[in-house]
Each structure stands twice: as C-alpha cells, then as structure tokens.
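Read through the structure below, which is laid out as structure tokens, and then see the notes.
Treat the numbers as computed from the prediction; the structure is a model and nothing was measured.
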Amino acid sequence: AVHNKKAVIGYSREDLYNAVQDLCMHKMAGKLYTNFKQQVEKHIGEVIKKSLVDQLYIQDHVAYLTIVNDTWQDHCRQMLTLRSIFLVLECGYIKRETSVRSIW
C-alpha cells in the first residue's frame, strides 16, 4: 500500500506498528524481515525499470533528470513511512542478528 501511495483502510500507522511489534514478540521477526526485504527489493527493481530505464529514450535531459528526482523523492517518502512502521523490527531483531543487514 505504501509503495502504491494508498492508505491501508481501517488501520492507522500505530496499528501497523503494533502489528509488527506483535509479530516480533511471537518470534516471527526473521520471516517478517525476509519478506519485507524481498518486497522492497522487488518494488525498487520495478520502479527503476518503469521510471528510469523505460524513460532513457527521452531526449530532454532536464525532463529525464526531473523523472529521476521525482522517483528518488517518492522513494525517500515511502521509506520514511515504512521505517516508522517497521522501526521495532530494526531496533529489536536486526540489531541482535549479526548476519542481518539494516533495512535502511
């Protein structure tokens, strides 16, 4: 929903944060981390292809750089939103696991 710029109907950010916290408390943090990482990587790959690679034919360099900038700004906003929801995963699970890299 965050990547598609849509609200999760019926749930606040606090509700989503609490859901992540509950999953972590029930020993599901590893699976949550893996799934989260896969989804973010998939989305980034799709955005790069759609927004950047497919637009390489644009002759106007300013227009292309505007697309790159807009894509980057969207990505930063989305990651801040996701960070606020998944912060408990970062602070708990990821910092304890030495073989796991930070999401951010």
I want to check something: taking the side chain as every heavy atom from C-beta on, are [X] and [Y] in contact at a cut-off of under 4.5 Å?
X	Y	result
His75	Trp72	yes
Phe86	Leu16	no
Met79	Val40	yes

Are [X] and [Y] connected, step by step, through hydrophobic side chains (Ile, Leu, Val, Met, Phe, Trp, Tyr) whose heavy atoms are closer than 4.5 Å?
X	Y	answer
Tyr64	Val53	yes
Phe36	Met25	no
Leu80	Val20	no
Tyr17	Leu32	yes

Once you round to the nearest 0.5 Å, how far does [atom1] of [X] lie from [atom2] of [Y]?
X	Y	atom1	atom2	result
His26	Lys31	NE2	NZ	15.0 Å
Leu82	Gln39	CG	CD	11.0 Å
Glu90	Cys24	CD	SG	11.0 Å
Ile44	Gln78	CD1	CD	9.0 Å

Assess whether side chain to side chain donor-acceptor pair (under 3.5 Å) is satisfied between Ser12 and Asp15, documenting all intermediate values. CA-CA 5 Å; Ser12 68; Asp15 293 334; 3.3 Å; yes
Please check if atom CD in Glu14 has more than 12 non-hydrogen atoms from other residues, nucleotides or ligands closer than 6.0 Å.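 Incorrect, the count does not exceed 12.
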Under the side-chain contact (heavy atoms from CB on, under 4.5 Å) criterion, do Gln21 and Leu89 qualify, and how do the steps go? CA-CA 7 Å; Gln21 187 175 34; Leu89 181 65; over 6 Å; no
Option passing side-chain contact (heavy atoms from CB on, under 4.5 Å) with Ile67 (candidates Asn69, Thr71, Leu65, Asp70):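 Considering Asn69, Thr71, Leu65, Asp70, a side-chain contact (heavy atoms from CB on, under 4.5 Å) with Ile67 is found only for Thr71.
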